[in-house]
Amino acid sequence: MSDTFKKLHDAMDQFATERDWDKFHSPKNLAMALTVEATELQECFQWLTEAQSKELDEQQLAAVRDEIADVQLYLIRLAGKLGVDIEAACWAKMEKNAEKYPADQVKGSAKKYTRYQD
């Protein structure tokens with residue numbers, strides 16, 4: 001686990017312990033809370049055009065920052081509960097994605113890998 005993730009993980013553990021919330025933080029509950037936070041992130045962009053979504057004002061950007069942080073913190077907490085090294089998992093997934101989506105076959109296409117693989 002990277003030093004940054006370790007520090008955040010430890011801080012999240014301490015935060016939950018101080019509030020006696022660990023009993024609520026099962027992997028199932030954390031995964032559910034994560035989807036709620038991801039939905040709140042989506043809500044920041046609801047009804048915006050593509051162009052507007054790229055040029056947020058400071059208030060909108062502050063809301064997006066908060067929701068991104070909430071999503072990341074729940075991911076860190078969930079990973080800690082399950083013993084998942086987020087950084088290692090991300091690098092492994094990037095390798096899998098490179099195999100599933102070879103640049104020479106998918107460049108400029110948004111099609112799912114199942115549309116071009118045998």
Side-chain angles (χ1 to χ4, degrees):
M1 181 182 301
S2 77
D3 192 43
T4 299
F5 281 121
K6 173 84 171 98
K7 287 178 184 175
L8 286 167
H9 173 267
D10 291 347
M12 288 294 294
D13 277 352
Q14 181 178 347
F15 185 88
T17 298
E18 289 171 351
R19 288 153 181 82
D20 194 25
W21 286 354
D22 195 56
K23 60 188 169 193
F24 305 118
H25 289 183
S26 67
K28 176 195 73 76
N29 287 350
L30 290 168
M32 292 173 69
L34 175 61
T35 62
V36 171
E37 295 303 334
T39 300
E40 290 178 5
L41 177 59
Q42 283 182 311
E43 191 175 29
C44 294
F45 296 97
Q46 188 175 16
W47 313 121
L48 298 181
T49 65
E50 292 291 325
Q52 290 170 328
S53 73
K54 295 175 184 177
E55 296 187 19
L56 303 176
D57 65 30
E58 187 49 45
Q59 184 179 1
Q60 291 168 312
L61 190 55
V64 167
R65 271 194 300 268
D66 283 349
E67 297 309 332
I68 288 173
D70 284 342
V71 168
Q72 185 61 59
L73 290 170
Y74 273 115
L75 279 173
I76 290 168
R77 186 83 169 131
L78 176 60
K81 289 289 185 178
L82 297 174
V84 172
D85 180 329
I86 293 175
E87 185 175 9
C90 288
W91 285 116
K93 184 61 176 175
M94 289 293 295
E95 287 179 23
K96 288 180 185 177
N97 287 344
E99 291 175 19
K100 284 172 42 176
Y101 298 98
D104 64 330
Q105 293 182 36
V106 302
K107 191 171 187 171
S109 173
K111 293 179 183 173
K112 187 173 178 175
Y113 70 95
T114 54
R115 297 283 309 252
Y116 61 85
Q117 284 189 337
D118 298 330

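With hydrophobic clusters built from ILVMFWY side chains whose heavy atoms lie under 4.5 angstrom apart, L73 does not share a cluster with L30. In the hydrophobic clustering of ILVMFWY residues, with side-chain heavy atoms under 4.5 Å counting as a link, F45 and I68 come out together. V71 and M32 sit in two unconnected hydrophobic clusters of ILVMFWY residues. Membership requires side-chain heavy atoms under 4.5 Å apart, directly or through other members. The hydrophobic cluster containing L78 does not contain V36, counting ILVMFWY residues as joined when their side-chain heavy atoms lie under 4.5 angstrom apart, directly or transitively. No path of Ile, Leu, Val, Met, Phe, Trp and Tyr side chains, each step under 4.5 Å between heavy atoms, connects I76 with L82, placing them in separate hydrophobic clusters.
Heavy atoms of other residues, nucleotides or ligands lying less than 6.0 angstrom from CD of E58 number more than 12. More than 12 non-hydrogen atoms from other residues, nucleotides or ligands lie less than 6.0 angstrom from CD of E18. Within 6.0 Å of the CD atom in E43, the count of heavy atoms belonging to other residues, nucleotides or ligands does not exceed 12.
We find that K6 and E87 are not joined by a salt bridge, their nearest charged nitrogen and carboxylate oxygen being 4.0 Å or further apart.
Taking NE2 from H25 and OH from Y74, the interatomic distance works out to 5.5 Å, rounded to the nearest 0.5 Å. Taken to the nearest 0.5 Å, the CG atom of L75 stands 11.0 Å off from the CD atom of E37. Here F5 contributes atom CZ and Q72 contributes atom CD; the two are 5.0 Å apart, rounded to the nearest 0.5 Å. The CG atom of N97 sits 5.0 Å away from atom NZ of K93, with the distance rounded to the nearest 0.5 Å. Note that OG1 of T4 and NE2 of H9 are 14.5 Å apart. Values are rounded to the nearest 0.5 Å. For the atom pair CZ of R19 and CD of Q14, the computed distance is 9.0 Å after rounding to the nearest 0.5 Å.
Looking at heavy atoms from C-beta onward, N29 lies out of side-chain contact with K23 at the 4.5 angstrom threshold.
Looking only at distances, a side-chain donor or acceptor of Q60 sits under 3.5 Å from a matching main-chain atom of D57.
Considering every non-hydrogen atom in both P27 and K81, the closest pair reads CG-CB, 4.4 Å.
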Quiz item: Going through the checks in order, is the side-chain contact (heavy atoms from CB on, under 4.5 Å) test met by L56 and L48?
Solution: CA-CA 10 Å; L56 303 176; L48 298 181; 3.8 Å; yes

Quiz item: Under the side chain to side chain donor-acceptor pair (under 3.5 Å) criterion, do Q46 and Q42 qualify, and how do the steps go?
Solution: CA-CA 6 Å; Q46 188 175 16; Q42 283 182 311; over 6 Å; no

